[in-house]
Chemist: 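Got a structure for you, written out below as structure tokens; questions coming shortly.
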Amino acid sequence: MRVSLATSAGQVGRPNEDFVGAVPGAVVLLDGAGIPGAEALCSHGVVWYTRRLGGTLLGHLSRDDGRDLAAILATALGEVAAEHAHTCDIADPASPQATVALVRAHRGRLDHLVLADSFLVLDRARAGPLVITDEREVVARRHCAAPLEGVAPGTPEYDRVRASCVTALRARRNRPGGYWIAKDDPRAAREAVTGSSSLGDLNGVALVSNGASRIVDPYGLTDWPGVLELLRAGGPAGVIARVRQAEAQAPDARVPDDATVAHCTHPRH
């Protein structure tokens with residue numbers, strides 16, 4: 001595979017909590033969750049967590065032994081958890097965590113895994129793009145936020161209800177009936193969205209963090225076929241640049257998010 005990568009911190013002066021990296025035949029993208037107050041739970045922080053987990057995953061994938069991707073993720077989660085379980089409260093729902101998207105080419109197949117709300121876009125040679133994500137967090141967030149409907153923002157009542165919504169959402173994290181994310185529990189890897197495609201059926205694949213996916217939703221600058229066209233024309237950096245332009249012009253002053261894109265193609269392309 002030919003791989004091009006780009007990542008951009010959402011705010012000047014703040015570290016990028018995303019991670020992206022590649023080894024021959026495999027790519028890993030993580031979107032770290034920066035939760036206020038997490039520093040008191042884990043002295044290492046989200047940036048350390050995403051880089052540690054990403055590097056551990058790449059180390060296992062570099063062996064090119066064809067192991068099941070969920071098994072590789074479970075092993076990596078356990079190894080990173082063991083590194084700081086004795087110093088940090090890693091079981092707390094607000095401790096460092098990350099989404100995971102990874103692909104691996106092996107024996108004529110492209111295997112994929114997605115955990116939580118990053119995006120994988122398969123550029124199929126004889127059909128439109130297939131977009132793969134894990135929508136369980138979005139569904140859980142929508143359900144937990146329902147009590148806020150009709151409550152006026154900026155009021156004490158809104159702040160009180162919102163705090164209870166946040167608590168309810170965190171209680172669903174890595175729980176049956178809730179949603180799953182890379183954190184302290186290796187069992188979350190079994191809940192990942194996985195699959196495999198023939199490399200001969202694909203022109204390539206894109207891995208897109210939540211921040212970069214804003215180009216499609218909410219900004220609506222293009223659709224997923226359009227994202228693939230942008231990647232072919234200007235690479236991952238061009239997609240992120242469009243997101244940053246939209247964020248700067250958005251009337252709702254949406255806070256910029258870390259944005260990361262990886263684009264993989266066959267050498268013949």
Side-chain angles (χ1 to χ4, degrees), residues 1 3 5 7 17-33 49-81 96-124 129-140 173-174 176 178-199 201-202 204-213 224 236 260-265:
M1 292 191 300
V3 181
L5 313 169
T7 186
E17 295 176 342
D18 286 358
F19 171 93
V20 66
V23 293
V27 181
V28 172
L29 185 152
L30 308 180
D31 186 345
Y49 181 75
T50 54
R51 293 177 182 176
R52 206 68 160 192
L53 180 59
T56 302
L57 284 167
L58 289 174
H60 284 287
L61 289 165
S62 68
R63 299 172 186 174
D64 194 28
D65 54 9
R67 285 181 64 207
D68 178 76
L69 293 184
I72 291 174
L73 177 57
T75 299
L77 288 173
E79 290 175 354
V80 176
Q97 54 209 266
T99 73
V100 180
L102 62 89
V103 295
R104 177 192 59 198
H106 184 75
R107 295 185 176 179
R109 308 286 300 177
L110 184 81
D111 304 320
H112 67 261
L113 179 149
V114 178
L115 185 66
D117 61 348
S118 287
F119 294 83
L120 190 77
V121 188
L122 299 181
D123 185 0
R124 297 183 291 182
L130 177 63
V131 181
I132 301 166
T133 189
D134 181 353
E135 297 182 339
R136 285 171 292 187
E137 181 177 358
V138 175
V139 172
R173 187 171 295 141
N174 286 359
Y179 69 97
W180 301 85
I181 195 165
K183 194 173 168 293
D184 61 303
D185 189 351
R187 291 174 296 182
R190 298 200 301 252
E191 302 294 333
V193 177
T194 60
S196 182
S197 305
S198 169
L199 282 170
D201 293 337
L202 301 175
V205 59
L207 295 81
V208 184
S209 73
N210 187 273
S213 74
W224 288 110
T260 303
V261 180
H263 187 216
C264 315
T265 58

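Values below: every heavy atom of this structure, side chains too, minus hydrogens, waters and symmetry copies. Numbering starts at 1 and runs along the sequence shown. What you see is a predicted model; the values in this text were computed from it and never measured.
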Chemist: Of all residues at least two apart in sequence or in a different chain, which pass the side chain to side chain contact (heavy atoms under 4.5 Å, CB included) check with Glu135?
Modeler: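 Per chain and number, Glu135 pairs via side chain to side chain contact (heavy atoms under 4.5 Å, CB included) with Thr133.
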Chemist: Consider only side-chain N and O atoms of Asp111 and His106, and report whether a donor and an acceptor are under 3.5 Å apart.
Modeler: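 Asp111 vs His106: no donor-acceptor pair found between side chains.
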Chemist: Compare every heavy atom of Cys264 with every heavy atom of Leu207, then report the nearest pair and how far apart it is.
Modeler: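 Closest approach of Leu207 to Cys264: CD1-SG, 4.3 Å.
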Chemist: Are any non-hydrogen side-chain atoms of Ser118 and Leu29 less than 4.5 angstrom apart?
Modeler: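 Yes, their side chains come closer than 4.5 Å.
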Chemist: I'd like to know if Arg136 pairs up with Glu191 as an ion pair, taking the criterion as any Lys NZ or Arg NE/NH1/NH2 lying under 4.0 Å from an Asp or Glu carboxylate oxygen.
Modeler: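 Looking at Arg136 and Glu191, the cut-off is met.
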Chemist: Taking all atoms of both residues into account, what is the closest heavy-atom pair of Gly21 and Leu5, and its distance?
Modeler: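 Looks like CA-CD1, 4.4 Å.
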Chemist: Would you mind reporting whether Ile132 and Val193 have side-chain heavy atoms less than 4.5 Å apart?
Modeler: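 Yes, close enough: below the 4.5 Å cut-off.
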Chemist: Looking only at heavy atoms, what is the nearest atom pair of Pro96 and Lys183, with distance?
Modeler: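 Between these two residues, the closest heavy atoms are O-CG, 3.6 Å.
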Chemist: For the OG1 atom of Thr7 and the CD atom of Glu17, what is their distance to the nearest 0.5 Å?
Modeler: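 With rounding to 0.5 Å, OG1 (Thr7) is 11.0 Å from CD (Glu17).
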Chemist: Roughly how far, to the nearest 0.5 Å, is CD of Glu137 from CG of Leu115?
Modeler: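 Those atoms lie 10.0 Å apart.
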Chemist: What's the shortest heavy-atom distance between Phe19 and Gly54, and which atoms?
Modeler: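 Smallest heavy-atom distance, with atoms named: CE2-CA, 3.4 Å.
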Chemist: Could you check whether Asp117 and Asn210, counting side-chain N and O atoms only, form a donor-acceptor pair closer than 3.5 Å?
Modeler: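 There is such a pair (donor and acceptor under 3.5 Å, judged by atom type) between the side chains of Asn210 and Asp117.
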Chemist: Is it true that, when you exclude Arg173 itself, more than 12 heavy atoms of the residues, nucleotides or ligands shown sit nearer than 6.0 Å to its CZ?
Modeler: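 More than 12 heavy atoms, drawn from other residues, nucleotides or ligands, come within 6.0 Å of this atom.
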Chemist: Measuring only between side-chain heavy atoms, which start at C-beta, is Asp18 closer than 4.5 Å to Leu30?
Modeler: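 SC-SC contact between Asp18 and Leu30 ruled out.
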Chemist: Can you find a heavy atom in the side chain of Met1 that is under 4.5 Å from one in the side chain of Thr265?
Modeler: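 The answer is no; the side chains never approach within 4.5 Å.
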Chemist: Taking atom types as modelled and ignoring hydrogens, do the side chains of Thr75 and Arg67 form a donor-acceptor contact shorter than 3.5 angstrom?
Modeler: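 Yes, a side-chain donor-acceptor pair sits under 3.5 Å.
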Chemist: Sub-3.5 Å donor-acceptor pair from the side chain of Thr99 to the main-chain atoms of Asp31, do we have one?
Modeler: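 Flag set: sc Thr99 to bb Asp31 pair under 3.5 Å.
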Chemist: Would you say Arg63 and Leu61 make side-chain contact, with heavy atoms under 4.5 Å?
Modeler: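 They are not in side-chain contact.
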Chemist: If we only count heavy atoms from C-beta on, is the Leu110 to Leu122 side-chain gap below 4.5 Å?
Modeler: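 Contact flag for Leu110/Leu122 side chains = yes.
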Chemist: Quick one, Glu79 and His60 - any side-chain contact, counting heavy atoms below 4.5 Å?
Modeler: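 A side-chain contact exists here, since the closest heavy-atom pair is under 4.5 Å.
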